[in-house]
Amino acid sequence: MVKKQHDRHLESIGDFAIDAFQNDLLYWFEREQRILPWRKNRDAYRVWVSEIMLQQTRVDTVIPYYERFMERFPTAGDLAEAELEEVYKYWEGLGYYSRARNLHAAVQEVQEKYGGDVPNTPEDVHALKGVGPYTAGAILSIAYGLPEPAVDGNVMRVLSRILLIEDDIAKPSTRKLFEAIIRVIIAEHNPSFFNQALMELGALICIPRSPRCESCPVAVHCRARAAGIQKELPIKSKAKKGRIEQRAVALIGRPDGTWLIHRRPDTGLLADLWEFPHIEYANEVHMREELSVYLYKIFGIRAIPRERVMEHSHIFSHLQWNMQTYICTYEGEVPDAGVEEEKQRMKWVRPEEMDVYPFPVSHKKIADGLREGFQGSLL
DNA sequence: GAAGCGTGGAG
DNA sequence: TCTCCAAGCTT
């Protein structure tokens with residue numbers, strides 16, 4: 001059934017001027033492409049790193065991260081030899097941290113299995129951790145010049161308009177339709193520029209709201225433009241709203257000036273990153289008591305939340321944390337109790353030494369507050 | 001197929 | 001303030 005729908009679209013390409021479209025698009029890209037750090041050369045490792053960083057992340061955000069990352073890890077070998085902890089540190093603030101873990105593991109696989117050379121077949125590239133259909137196509141086309149589709153959000157938006165396709169681009173199956181289309185219309189003599197040009201067009205001209213059709217090099221080929229419905233495309237169903245959690249954060253300081261931080265589990269949200277101990281609570285009335293119980297059960301520390309020093313909220317893509325941060329006091333020595341596995345994940349650190357540990361943004365702000373004594377803070 | 005997974009910018 | 005999002009992948 002899906003195959004049938006794909007065929008319907010592919011037939012409608014019949015009267016599409018593929019050659020002229022390719023020429024207009026490539027000519028524009030050659031003139032107008034932005035100068036970006038990952039376009040200095042076609043080194044497959046450099047392309048790879050850029051594509052991972054650019055997943056769901058804006059170009060302007062990525063640039064400084066990419067520069068720092070490539071300076072520290074210039075080759076796949078350099079990255080493979082590094083500690084994961086340091087890789088996370090270079091990823092700090094960029095989000096989707098599993099990208100860093102997967103990239104690190106995948107580079108090590110490239111070292112062992114391919115002698116340090118990024119593989120150049122669809123099967124081998126796609127098999128690398130963190131490399132999905134889009135990234136595989138991007139590496140193969142941009143680094144190796146192979147005619148593979150690299151369908152991202154830009155490409156789906158641009159093609160939805162140019163070919164007037166009304167399939168829901170939020171559905172996974174729709175990406176496959178666009179891959180099939182790309183295989184038909186891709187410029188075989190320059191797949192690298194063709195794929196990049198479609199994305200560049202989506203980023204600069206064929207933008208989500210108010211597309212700049214006056215400046216579009218392929219407006220003459222655009223069916224949505226001809227029908228006057230370019231602003232209605234692409235069709236994209238809405239994501240459901242995320243939940244809100246109330247969270248209480250504990251700052252526990254020892255007389256030697258160190259504070260307790262805790263490493264998150266190695267799966268799930270913010271995996272492997274460091275943070276201050278915190279809990280989700282349901283009732284404000286029992287919040288401090290619940291935090292105390294948690295601190296004793298997990299870390300074996302009899303601590304009591306005293307002064308609230310910070311209140312802030314953090315919004316994830318699918319979740320929101322409303323956070324209240326408390327300075328805690330505790331009785332006597334830190335006892336040798338608590339959960340053994342968790343104790344391996346705790347550390348006592350001075351505020352000025354915390355920047356060696358990768359923190360998520362929400363807790364980085366608390367660490368900053370600690371360093372500055374919460375002066376002029378958010379309370 | 002749907003849900004989980006971050007963050008900062010733009011309109 | 002709020003919604004949508006930006007060169008997606010994994011489970």
Side-chain angles (χ1 to χ4, degrees), chain A residues 2 33-34 36-39 46-66 88 91-103 105-106 125-139 141-143 149-158 168-176 178-179 182 192 194-204 206-211 231 234 236-243 264-273 275 313-321 358-365:
Chain A
V2 173
Q33 65 168 294
R34 290 167 292 179
L36 297 170
W38 44 88
R39 287 179 176 162
R46 291 176 57 87
V47 172
W48 182 10
V49 172
S50 75
E51 293 301 341
I52 299 297
M53 285 191 173
L54 286 163
Q55 288 169 6
Q56 300 290 284
T57 312
R58 286 188 154 72
V59 165
D60 289 343
T61 302
V62 167
I63 289 174
Y65 280 90
Y66 183 80
Y88 277 132
W91 212 273
E92 184 180 74
L94 199 52
Y96 287 139
Y97 300 96
S98 67
R99 294 184 293 177
R101 184 179 60 248
N102 288 334
L103 177 61
V125 175
H126 195 126
L128 296 171
K129 284 182 182 171
V131 176
Y134 163 75
T135 305
I139 293 171
S141 62
I142 298 174
V151 176
D152 71 338
N154 283 314
V155 172
M156 290 197 284
R157 180 175 60 258
V158 169
D168 183 358
I169 66 169
K171 300 169 94 73
S173 59
T174 303
R175 197 204 71 246
K176 295 182 180 175
F178 285 111
E179 286 176 350
I182 291 291
S192 168
F194 182 84
N195 282 343
Q196 291 186 75
L198 277 182
M199 293 188 275
E200 195 83 339
L201 190 69
L204 301 179
C206 197
I207 54 181
R209 289 172 285 234
S210 307
K231 293 181 79 164
K236 185 175 184 180
S237 56
K238 304 195 190 310
K240 81 171 174 77
K241 294 223 299 187
R243 65 184 186 282
R264 293 180 63 87
D266 60 11
T267 58
L269 182 67
L270 304 170
D272 289 338
L273 298 201
E275 63 185 11
S313 99
H314 186 80
I315 301 170
F316 299 88
S317 51
H318 58 300
L319 176 67
Q320 176 173 335
W321 280 352
F359 278 76
V361 168
S362 53
H363 284 255
K364 181 82 173 170
K365 285 179 179 168

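By convention in this document, chain letters (A, B, ...) are assigned in the order of the sequence lines, proteins followed by strands, and residues within each chain are numbered from 1.
Within 4.0 Å of A/Arg157, counting heavy atoms only, lie sugar-phosphate atoms of the nucleic acid but no base atom. Among the protein residues, A/Val59 comes within range of the nucleic acid bases, having at least one heavy atom under 4.0 Å from a base atom. A/Arg264 comes within 4.0 angstrom of no nucleic acid atom, judged by non-hydrogen atoms across all strands. If you check every strand for non-hydrogen atoms under 4.0 Å, A/Trp321 touches nothing. Among the heavy atoms of the strands lying under 4.0 Å from A/Thr135 are primed sugar atoms or P, OP1, OP2 only; no base atom is included. Residue-level contact check: A/Leu36 touches the bases, meaning some heavy atom is under 4.0 Å from a base atom.
Distance, A/Ile139 CD1 to C/dG8 P: 14 Å, rounded to whole Å. C/dA6 atom P lies 16 Å from atom CD of A/Glu51, rounded to whole Å. A/Ile52 has its CD1 atom 9 Å from the C1' atom of C/dC9, to the nearest Å. Look at NZ on A/Lys241: it is 16 Å from C1' on C/dC5, rounded to the nearest Å. Between the NZ atom of A/Lys129 and the C1' atom of C/dT11 there is a distance of 14 Å, rounded to whole Å. Counting to the nearest Å, the P atom of B/dG1 and the CZ atom of A/Arg175 are 11 Å from each other. The distance from atom NE2 of A/His126 to atom C1' of C/dC9 is 9 Å, rounded to the nearest whole Å. Counting to the nearest Å, the P atom of C/dC5 and the CG atom of A/Asp152 are 14 Å from each other.
The separation of B/dG4 from C/dA6, taken at their P atoms, amounts to 22 Å, rounded to a whole angstrom. Only the P atoms considered, C/dC9 is 22 Å distant from B/dG8, to the nearest whole Å.
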Letter per nucleotide, 5' to 3', of nucleotides 2-8 of chain B [B base touched, S only sugar-phosphate touched, - untouched; heavy atoms, 4.0 Å]: --SBBBB

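Contacts of A/Ser192 classified as side-chain hydrogen bond (donor to acceptor under 3.5 Å, both in side chains), with partners at least two apart in sequence or in another chain: A/Gln196. Here A/Glu179 pairs with A/Arg175 under the salt bridge (charged side-chain N to carboxylate O under 4.0 Å, His left out) rule; sequence neighbours left out. Partners of A/Asp272 by side-chain hydrogen bond (donor to acceptor under 3.5 Å, both in side chains), not counting sequence neighbours, listed by chain and number: A/Tyr88. With sequence neighbours excluded, the residues that form a side-chain hydrogen bond (donor to acceptor under 3.5 Å, both in side chains) with A/Glu200 are A/Arg34, A/Arg39. Evaluation of the ring pair (Phe, Tyr, Trp, His ring centres under 6.0 Å) rule for A/His314 yields A/Phe316 as partners, not counting sequence neighbours.
For the atom pair CH2 (A/Trp91) and CD1 (A/Ile52), the distance works out to 6.5 Å, reported to the nearest 0.5 Å. In this structure, the separation between CD1 on A/Ile182 and CG on A/Asn195 is 6.0 Å, given to the nearest 0.5 Å.
Residue A/Lys238 has no polar side-chain atom (N or O) positioned under 4.0 Å from OP1 or OP2 of C/dC5.
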